[in-house]
Amino acid sequence: MIRAKIGGIGYYVPEKVVTNHDLMKVMDTSDEWIRERTGIQERRYAKKHEETTSTLGTKAAKIAIERAGITAKDVDFIIFATLSPDYYFPGSGVLLQRQMGMQGIGALDIRNQCSGFIYGLSIAEQFVGTGMYKNVLVVGAEMHSCGLDFSTRGRGVTVIFGDGAGAVVVQPSEDDSKGILSTHLHANGDYAEELAYINPGAHGGVHAEDKEQFGYPDQEFGGMFLTEKMIKDEDLFPNMNGQVVFKYAVTKFPEVIQEALDKNGYTANDLDMFVPHQANLRISQFVQRRLGLPDDKVWNNIQKYGNTTAASIPIALCEAWEAGAVKDGDLVCLAAFGSGFTWGSALIRW
Ligand code: UT7
């Protein structure tokens, strides 16, 4: 296998800053509650009717491509990770492709939520590793602000999420000792509904009880992803069992990081930088303590951007790299956990 590396990285966050105090104007919440439980102080929201998930992704991708020393015409394949796509289908990958004038190459959309970037990076690593492609663009982008419940009912979820995008170009490494050392992917579908955006969806075809609950029409053939009842009941927002997610996350993060370290014969002491998915500052701090890492070896930016799901790792990694906190030769660990449940890690010699 050819060793793959991250050859270029970029991110984009929308200009509009929304503070906890701004959210207090529309729902019953407090700056204190949000900071204490999540560490978040503010997040960014994209411009409605102007920006979309794919346009955010395009902005990040352009920077990553330029930094990789290539042009859009050199990209061989696109991997787009998001849970908040422009359309139900087709995926945002082809929309980014059109915006960037890269028509003709393959575009794969993946639905792995908070772990989407790690899954995407792993797929890119395999394509580069086999020699099939030389420049794979991996994008994680989210426009959560379009699909959140801004009434008090939605406060447990809405205050956490923000918009943004990050991208990398995965290329063959000239030096076999540098690049992506390994990636590790996991999932447990038993917890699928603990953090989910159920509607619109085809679940009416699977569970008979859904017919009544979601107002599916009683007909022999045909069905609907979206029913009048879902709209009338405002049953169109993400739901999260925060405590279950929290408990599972603090177990699986350390496990999957240890898996990456063991696979490569390292311990946590060898790490120069740990970039966790920005789910909750408390989760990151718990994992940091478990690994025994000092503050300067963990990159957190959830305070500024909230949880940007598939975008959070490439945004944080890019910020760390731009700040000089990730340097040539550093051992960097990325890890994520989220809806699915899905989780994963990547160990990189930068
Ligand atoms: O990328 C993966 C994504 N998700 C996560 O990683 C989430 C993991 N879970 C968490 O981060 C935490 O569970 C949350 C931050 C989501 C919630 O914290 P919690 O300590 O588990 O709070 P809770 O859901 O148990 O709610 C405690 C109280 C409730 O009130 P009562 O029933 O005790 O009176 C909630 O109604 O806090 C209330 N509450 C709020 N109050 C003010 C929930 N959301 C808010 C809010 N502002 N935004």
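Counting convention: from 1, in listed order, for ligands and their atoms alike. No experiment lies behind these values; they were computed from the predicted model shown.
- Among Lys247, Met240, His277, the residue whose heavy atom sits closest to atom 7 (C) of ligand 1 is Met240.
- Using a distance-only test at 3.5 Å, with no hydrogens or angles considered, no donor-acceptor pair links the side chain of Glu125 to the main chain of Ser182.
- Under the 4.5 Å side-chain heavy-atom criterion for Ile, Leu, Val, Met, Phe, Trp and Tyr, Val287 and Leu293 are members of the same hydrophobic cluster.
- You'll find the ring centres of His203 and Phe214 inside the 6.0 Å limit.
- In Asn280, the part holding a heavy atom less than 4.0 Å from any atom of ligand 1 is the side chain.
- If you number the atoms of ligand 1 from 1 as listed, the ones under 4.0 Å from a heavy atom of Asn307 come out as 1 (O), 2 (C), 3 (C).
- For atom 31 (P) of ligand 1, no protein non-hydrogen atom is found at a distance below 4.0 Å.
- Put simply, the side chain of Leu148 reaches to within 4.5 Å of the side chain of Phe150, judged on heavy atoms.
- For atom 27 (C) of ligand 1, a protein heavy-atom neighbour is found at a distance under 4.0 Å.
- Residue Cys114 approaches ligand 1 through these ligand atoms, each under 4.0 Å from one of its heavy atoms: 1 (O), 2 (C).
- Here Leu185 contributes atom CG and Ser115 contributes atom OG; the two are 8.5 Å apart, rounded to the nearest 0.5 Å.
- Applying ring pair (Phe, Tyr, Trp, His ring centres under 6.0 Å) to His144 and the options Tyr197, Tyr305, Phe161, Phe237 leaves one that passes, Phe161.
- Checked by distance only, ligand 1 and Ile34 stay at 3.5 Å or farther apart across all their nitrogen or oxygen atoms.
- In this structure, a donor-acceptor pair under 3.5 Å is present between the side chains of Tyr12 and Glu51.
- The protein heavy atom nearest to atom 29 (C) of ligand 1 is Arg155 NH2, 4.8 Å.
- Of the heavy atoms in Thr309, none comes closer than 4.0 Å to ligand 1.
- Every atom of ligand 1 with a heavy atom of Thr38 under 4.0 Å away is listed here by number and element: 15 (C).
- Of all the atoms in ligand 1, the ones that sit under 4.0 Å from a non-hydrogen atom of Ala279 are 1 (O), 2 (C), 6 (O).
- Checked by atom type, the side-chain pair Thr19/Glu42 shows no donor-acceptor distance below 3.5 Å.
- Below 4.0 Å from some heavy atom of Val159 lie the following atoms of ligand 1, by number and element: 48 (N).
- At a heavy-atom cutoff of 4.0 Å, ligand 1 is contacted by the side chain of Trp33 but not by its backbone.
- Among protein heavy atoms, atom 25 (O) of ligand 1 sits closest to Gln243 NE2, 2.6 Å.
- With ligand atoms numbered from 1 in the order given, ligand 1 contributes 1 (O), 2 (C) to contacts under 4.0 Å with heavy atoms of Phe337.
- The backbone N or O of Tyr216 lies less than 3.5 Å from no partner atom in the side chain of Thr227, so there is not a single donor-acceptor pair.
- Residues Leu334 and Ile348 are in side-chain contact: their nearest non-hydrogen atoms beyond the backbone lie under 4.5 Å apart.
- Under 3.5 Å, the side chains of Thr158 and Asp149 contain no donor-acceptor pair of N or O atoms.
- Heavy atoms of Arg282 found under 4.0 angstrom from ligand 1: none, in either backbone or side chain.
- Under a 4.0 angstrom heavy-atom cut-off, Leu195 registers as being in contact with ligand 1.
- For atom 4 (N) of ligand 1, the nearest protein heavy atom is under 4.0 Å away.
- Taking a distance limit of 4.0 Å, we find that atom 47 (N) of ligand 1 is approached by some protein heavy atom.
- Residue contact check for ligand 1: Ile160 places a non-hydrogen atom closer than 4.0 Å to it.
- Proximity of Ile283 to ligand 1, defined as any heavy-atom pair under 4.0 Å, is confined to the side chain (atoms from C-beta onward).
- Residues His184 and Ser345 have side chains that never bring a donor and an acceptor to within less than 3.5 angstrom of each other.
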